[in-house]
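Each remark here refers to the structure printed beneath this line.
Atom set for the values below is all heavy atoms of this structure, side chains included, hydrogens, waters and symmetry mates excluded. Lettering follows sequence order; numbering is per chain, from 1. Only a predicted model underlies this, so the values are computations on that prediction, with no experimental measurement involved.
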There are 2 protein chains.
Amino acid sequence: MKKKITLKHIAKELDVSISTVSKALKNSEEIGRDTKEKIQAIAKLYNYRPNNIAISLKNKRTKNIGVIIPDIVHHFFTTVFRGIEKYANEKGYNVIVCVSDESFDKEVINMEMLANGSIDGFIMALSAETQMKNDFNHLKEVTEQGIPLVLFDRITDDVICDKVIINDEEAAYNAVKKLIESGKKRIALFTTENYLGVSSKRADGYFRALKDHKLETDENLVLELPFQFEKEDKSEAFFERYSFDAVLCVNEIFAIRAMRTAQRMGIKIPQELAIIGFTDGILSKLSSPSLTAVAQHGNRMGEIAAQMLIEKVESDQERESFRTEIIEATIIERESTIH
Amino acid sequence: MKKKITLKHIAKELDVSISTVSKALKNSEEIGRDTKEKIQAIAKLYNYRPNNIAISLKNKRTKNIGVIIPDIVHHFFTTVFRGIEKYANEKGYNVIVCVSDESFDKEVINMEMLANGSIDGFIMALSAETQMKNDFNHLKEVTEQGIPLVLFDRITDDVICDKVIINDEEAAYNAVKKLIESGKKRIALFTTENYLGVSSKRADGYFRALKDHKLETDENLVLELPFQFEKEDKSEAFFERYSFDAVLCVNEIFAIRAMRTAQRMGIKIPQELAIIGFTDGILSKLSSPSLTAVAQHGNRMGEIAAQMLIEKVESDQERESFRTEIIEATIIERESTIH
DNA sequence: CGCCTATACGAAATCGGCTTCGTGTCAATA
DNA sequence: TATTGACACGAAGCCGATTTCGTATAGGCG
């Protein structure tokens with residue numbers, strides 16, 4: 001086993017000092033021509049690479065970014081991560097991922113693990129539990145320590161930092177508008193239990209669109225579904241009890257489940273029921289019929305988040321200015337709506 | 001902005017030496033009762049945490065694991081990652097993820113970025129390009145440096161290290177057997193272009209099952225599909241040209257695409273065409289009809305990989321013993337097959 | 001021949017924490 | 001009273017690389 005070699009090894013081998021080796025490898029003018037060449041040759045021979053950890057300690061810069069997300073299996077978060085990783089890598093940064101699993105405690109633990117020097121900054125989306133508890137002290141502590149933080153998608157106004165979101169309210173509005181313009185009159189909303197910021201914004205857009213188009217809003221047409229997969233009893237009963245000709249779903253899974261339930265009950269899509277879901281993932285593309293979806297452009301979101309973070313990390317000036325970048329969601333029309 | 005405080009700060013504040021502070025915080029017997037209490041109080045007050053980087057440098061242990069996967073958007077890799085992250089986190093390790101994007105060069109660059117002290121060991125699945133080129137020098141260099149490496153799923157015999165795989169050949173065999181037992185006679189195989197180790201093993205199982213059950217093997221019934229999404233011309237033509245009553249797909253996407261094409265052509269599933277796909281992901285669960293799938297148990301795979309790696313990382317003994325763990329794939333029966 | 005300066009390199013501090021080895025003080029004991 | 005030892009703490013080296021500052025040697029010049 002080849003041991004990892006250090007400046008010290010090279011120095012000893014050539015009987016020069018460590019500083020000379022260090023300078024020679026940086027091609028410093030200070031070092032004589034042939035000494036430099038000898039040192040560089042040996043370094044190459046041994047395939048010398050400086051130790052990242054030592055450099056991190058010296059520079060107080062790790063070139064690592066910490067990403068904390070509620071879930072990695074969800075397509076949206078995956079695409080955001082992809083965007084982050086791509087941009088970060090181009091800039092020479094590595095990405096450390098922690099999954100909070102929608103748990104407040106895990107989120108806190110993960111942040112603490114990383115906040116002690118392991119990373120230069122955080123990119124994160126809040127866990128559901130954190131949003132419920134409304135407790136953001138772990139975030140505040142981190143920002144107070146001067147560690148840059150970028151929140152995306154699941155954000156909060158209580159923490160002052162850079163943010164990236166989509167225009168949820170408007171996107172929902174436009175989706176509903178599109179349904180109305182295609183002739184639909186009774187439009188349902190399938191949403192999560194309401195602590196998630198994004199869901200409530202989407203609901204706002206939904207209601208505003210109905211009002212603007214003089215359609216009555218019926219609280220009965222709003223179905224709150226649990227996070228986890230379950231028997232689809234609840235939604236089946238909902239289909240039986242209420243009549244509606246279109247549905248907006250706050251995520252892809254809900255949309256697919258709505259579609260399956262409708263199909264099982266012999267409802268024709270999109271003629272009898274049009275469906276639009278948030279998140280334009282593989283499910284939407286590959287279901288049959290394929291799903292019209294609100295694309296959140298996770299990749300771009302991730303790239304922008306990474307860009308904002310790295311900008312902050314690399315600027316030594318401490319002017320505290322924060323911005324919120326809003327990404328325009330776009331509707332991808334497919335077979336589940338009439339157009 | 002609160003500056004990050006160090007042992008030095010505490011030492012100066014209490015007018016003791018750094019070593020005293022260090023020992024006091026570790027509750028060393030060496031330090032007097034009240035000195036200890038004073039130091040611990042101040043440390044708590046300032047919320048002191050030791051700097052991970054400094055500890056890493058000292059211990060030559062980062063408590064970071066490097067994970068390199070070809071793609072994060074694919075469900076299988078996501079679940080493996082989930083398993084790794086979970087186990088690693090429990091053991092106090094962080095996970096640095098790099099995506100090779102199926103590219104040899106990126107894989108090499110990523111490894112080099114991480115191999116200089118940033119991580120204690122690697123877990124990875126080879127990129128398609130690496131498997132094609134059959135060039136594993138970057139892996140060998142890493143293992144020669146004594147950095148533990150665990151390969152999963154996409155492995156190679158050319159590198160000596162720990163490995164985790166599923167019984168691909170057998171799983172394919174069993175899937176085909178199940179199709180045959182349900183009365184199917186002409187079974188097609190949708191596979192990737194053949195450099196990927198796993199695909200060829202699955203093909204082996206497919207052929208062996210046909211032979212064992214005295215069904216003729218028809219090379220025409222094997223369709224090689226490209227990685228990327230494309231117009232589905234190729235498979236549509238395939239459906240028109242050849243007749244078959246079942247298909248085994250080496251991944252989920254191929255299975256869903258096969259199903260969509262069949263549906264568009266009015267073929268009834270599973271009566272006229274039964275489908276089994278590898279990877280039991282969301283697509284399989286939520287398609288309609290739902291897909292019978294070979295579950296690869298990515299989560300367990302990830303957990304086991306992480307366990308093997310951490311075991312190696314933490315054992316100081318250098319007895320070089322490597323093992324290959326085989327995970328039993330299981331078939332999850334759903335609506336796309338008859339049972 | 002003596003002085004000055006440029007050249008080429010080395011010593012040492014630093015990053016933050018850990019750890020080994022001293023050492024000064026005080027009390028107990030011979 | 002002198003010796004021993006326990007106790008409580010400090011000095012310093014180390015991990016690996018960078019960087020500032022200092023200095024020996026050489027040559028050039030008056």
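- Nearest nucleotide to the side chain of B:K26, out of C:dT19, C:dG16, D:dA17: C:dT19.
- For D:dG16, the base has no donor-acceptor partner in the side chain of B:K58 [N/O atoms by modelled type, under 3.5 angstrom].
- Positionally, the nearest nucleotide of DNA chain D for B:V16 lies more toward the 5' end than for the other of B:A54 and B:V16.
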- Item | Intra- and inter-strand pairs of DNA chain C in dot-bracket (Watson-Crick or G-U wobble, both distances under 3.5 Å; | for another strand) | ||||||||||||||||||||||||||||||
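- Classification of A:K3 and B:E144 as a salt-bridged pair fails, no side-chain N sitting under 4.0 Å from a carboxylate O.
- OP1 and OP2 of C:dG16 both lie 4.0 Å or more from every side-chain N or O belonging to B:K4.
- Checking C:dG10, D:dA17, C:dG17 against the side-chain heavy atoms of A:S17 singles out C:dG10 as nearest.
- Comparing B:Y48 and A:I18 along DNA chain C, the residue whose closest nucleotide (by nearest heavy atom) sits nearer the 5' end is A:I18.
- Of the residues listed (B:E107, B:E129, B:E102), the one engaging B:R154 in a salt bridge (charged side-chain N to carboxylate O under 4.0 Å, His left out) is B:E102, and it is the only one.
- Computed from coordinates, the A:K12 NZ to D:dG16 P distance equals 11 Å when rounded to whole Å.
- The CD atom of B:E30 sits 10 Å away from the P atom of C:dT20 (whole-angstrom rounding).
- In this structure, CD1 of B:I31 is placed 13 Å from P of D:dC7, rounded to the nearest angstrom.
- Using a 4.5 Å heavy-atom threshold, the side chains of B:I65 and B:I119 count as separate.
- B:D135 places a side-chain N or O within 3.5 Å of a backbone atom of B:N137 that can act as its donor or acceptor partner.
- If you check distances only, the side chain of A:T20 never reaches the base of C:dA8 with a donor-acceptor pair under 3.5 Å.
- Residues B:D101 and A:R82 are paired through a salt bridge, judged by an N-O separation under 4.0 Å between the basic side chain and the carboxylate.
- At whole-Å resolution of the value, CD1 in B:I39 and P in D:dC9 are 8 Å apart.
- Taking atom CG on B:L14 and atom P on D:dA8, their separation rounds to 17 Å, with Å as the unit.
- Look at A:K60 and you'll find a side-chain N or O under 4.0 angstrom from OP1 or OP2 of C:dG16.
- Distance, B:N27 CG to C:dC18 P: 14 Å, rounded to whole Å.
- One can place CD1 of B:I10 at 8 Å from P of C:dG17, the figure rounded to the nearest angstrom.
- Using a 4.0 Å heavy-atom distance criterion, A:L57 is classed as a base contact.
- Here A:T6 lies in heavy-atom contact (under 4.0 Å) with sugar-phosphate atoms only.
- Checked by distance alone, A:S19 brings a side-chain donor or acceptor within 3.5 Å of a matching partner on the base of C:dA11.
- Closest to the side chain of B:I55, out of C:dG17, C:dT19, D:dA17, is C:dG17.
- The side-chain heavy atoms of B:R49 and B:N47, taken from C-beta on, include a pair separated by under 4.5 Å.
- If you take CG of B:L25 and C1' of C:dG17, they are 11 Å apart, rounded to a whole angstrom.
- Listed candidates were C:dG16, D:dG10, D:dT18. Nearest to the side chain of B:K23 is D:dG10.
- Inter-residue side-chain proximity for B:L126 and B:I155 is flagged as unmet; no heavy-atom pair is nearer than 4.5 Å.
- The side chain to side chain donor-acceptor pair (under 3.5 Å) test with B:D162 is passed by exactly one of B:R323, B:Q307, B:K312: B:K312.
- Considering only side-chain N and O atoms, A:T35 lies nowhere under 4.0 angstrom from the phosphate OP1 or OP2 of C:dA8.
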